[in-house]
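Below: one structure, written as structure tokens.
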Protein chains: 2
Amino acid sequence: MVRMLDIAILGLLMDRDHHGYEIRTQVRDRLGVSANISFGSIYPALNRLERRGFVEAVIATEARGNALSTGSLSGERASLRALRATPGLGRRSRKVYRITPRGREEFVTLLADPATLDDSRSFSLRMALAKYLTPSLRVVLLERRRIDLVERLTEMQSSARNEQLDTYARSVMAHAVKGVELDLEWIDNLLSTERSNQQSFAPEAK
Amino acid sequence: MVRMLDIAILGLLMDRDHHGYEIRTQVRDRLGVSANISFGSIYPALNRLERRGFVEAVIATEARGNALSTGSLSGERASLRALRATPGLGRRSRKVYRITPRGREEFVTLLADPATLDDSRSFSLRMALAKYLTPSLRVVLLERRRIDLVERLTEMQSSARNEQLDTYARSVMAHAVKGVELDLEWIDNLLSTERSNQQSFAPEAK
DNA sequence: AACCATCATATCAAATCGATATATCGAACG
DNA sequence: CGTTCGATATATCGATTTGATATGATGGTT
């Protein structure tokens, strides 16, 4: 969860530039994250990434009548101020972010990072961006996730068998079990696709 | 999500007393929450609930030989002092919490609260504790959740049809769609059970 | 022209997480 | 017999995330 947002933002910027508000919708529509990320997360995260040099703000293209007066937006870390304190800047200017070369490096590192891939959300996020991974790394991630899920499945199955639970609690557990089973089917499909693709490149490998 | 932990803790204490560490495991095993709640959440939450008078700490039963003599443990922080400065309490004492009458009131209020039942986790949590709700409130919650899910389903189906997505992103979306469909089946089963139970109490109602 | 939904950025307090520190206890191992 | 290991147990810290709220622009509708 820690770096979920960093991965999501950088992953979206790998493709093309985005502004904050747009990232929020894209995380839902392209990365499959069910809950909307709050603005209180996204703007601080963008500032964080900018400070670290992984993204940079470029003033919105598609300029409308603005007259921005003096080119005073070269202010270093006063990137916010440049926009806010400028009196002549009307409209709702969009702050468009672009990923830097260092950001691209950071992204692939984070994406393949062995740490914290346990929860369902961060795994789905990684898979949604899996085209940026090498085939072998994809398989590693999938297999590790598979192991976690199998373990969790047996745990939950025994919980679901607990006879001290009332009807509702047991129903919740049984439903959760089905969810994990669905996840496992998905993983297995992805794994077999991955392996058949590998074969097509090295069919003679015994 | 905001009060998820409060609901979870109070819900567990409705049944019997618990200490912090135990609550963590029970949230997984009895309430079906897949991720382990961190200690950094649970102990502050218990203090919070204690301050508000919804729970009270009772010294661990099952007392063992202690004798600790003088309270030389140099309590520094306030919250520690309560227990540690108490002389006579030795070992790794477990701080067992009990729910108060006001806590029971608060619990049913939170559980039936119309706010923030949108996300999957908080809904599952509520259902796991649904035996404390009236049948009609259960139906209200279920129906509202159903509406949300149907809406989300159509959104995600159109996302999954987006041809600009690569194979992996589309696979994630398709999998997410299946998850929501599974949720919907579950809700519908619960709803029909709920309604057939209602009928048995009022079979003549046309 | 008034209204409202959507777009867009931003900030704040409170909640939560992940890591870490500390300590007890029982079991396993040699 | 010692010691190491894993599970039990409480607590705190900094960083991250949420949910709420403020503010304003833009565009469509009646």
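So that the names make sense, note that chain A is the first sequence line, chain B the second, and so on, each numbered from 1. All heavy atoms count here, side chains included; hydrogens, waters and symmetry mates do not.
- Take the nearest nucleotide of DNA chain D for B/G40 and for B/H19: the residue whose nucleotide is more 5' is B/H19.
- Side-chain atoms of B/F39 lie closest to D/dT10 of the nucleotides D/dT10, C/dT16, C/dT9.
- Nearest nucleotide to the side chain of A/R94, out of C/dT16, C/dA8, C/dA10: C/dA8.
- When every heavy atom of B/L142 is checked against every heavy atom of B/I187, the shortest pair comes out as O-CG2, 3.6 Å.
- Looking only at side-chain heavy atoms (C-beta outward), A/W186 and B/K178 stay at 4.5 Å or farther from each other.
- Distance CG (A/D119) to P (D/dT17): 12 Å, rounded to an integer number of Å.
- Distance CZ (A/R121) to C1' (C/dT16): 12 Å, rounded to an integer number of Å.
- The interatomic distance linking B/L46 (CG) with D/dT12 (C1') rounds to 15 Å, in whole Å.
- Look at CG on A/D6: it is 14 Å from P on D/dA15, rounded to the nearest Å.
- A/R24 has its CZ atom 11 Å from the C1' atom of D/dG19, to the nearest Å.
- One can place CD of A/Q26 at 12 Å from P of C/dC7, the figure rounded to the nearest angstrom.
- A/I37 has its CD1 atom 11 Å from the C1' atom of D/dT18, to the nearest Å.
- Salt bridge annotation for B/E155-A/R28: present, with a cationic side-chain nitrogen under 4.0 angstrom from a carboxylate oxygen.
- Using cut-offs of 30° and 60° for the angle between ring planes, the B/Y132 and B/F107 rings count as perpendicular.
- At the phosphate of C/dT16, OP1 or OP2 sits under 4.0 Å from a side-chain N or O atom of B/R48.
- Using a 4.0 Å heavy-atom criterion, one finds that B/G20 contacts the sugar-phosphate atoms exclusively.
- Nearest nucleotide to the side chain of B/S41, out of D/dT18, C/dT11, C/dC17: C/dC17.
- Panel note: side chain B/R30, backbone A/A169; no donor-acceptor pair is recorded below 3.5 Å.
- Of the candidates D/dT17, D/dT16, D/dA9, the closest approach to any side-chain atom of A/R52 belongs to D/dT16.
- You'll find that the side chain of A/Y43 is closest to C/dA10, out of C/dA10, C/dA15, D/dA11.
- Looking only at distances, a side-chain donor or acceptor of B/R170 sits under 3.5 Å from a matching main-chain atom of B/N162.
- For the helix from C/dA1-D/dT30 to C/dG30-D/dC1, the angle separating the two terminal helix axes comes to 30°, with each axis derived from five pairs and the value rounded to 10°.
- By the 4.5 Å heavy-atom criterion applied to side chains, B/K131 and A/T167 are not counted as neighbours.
- Among the nucleotides D/dG19, C/dA10, D/dA11, the one closest to the side chain of A/K95 is C/dA10.
- In this structure, B/Y21 does not reach the D/dT10 phosphate: none of its side-chain N or O atoms is under 4.0 Å from OP1 or OP2.
- Atom C1' of nucleotide D/dT12 and atom CD1 of B/I42 are separated by 15 Å, given to the nearest angstrom.
- Using a cutoff of 4.0 Å between basic side-chain nitrogens and carboxylate oxygens, A/E143 and A/R195 are scored as salt-bridged.
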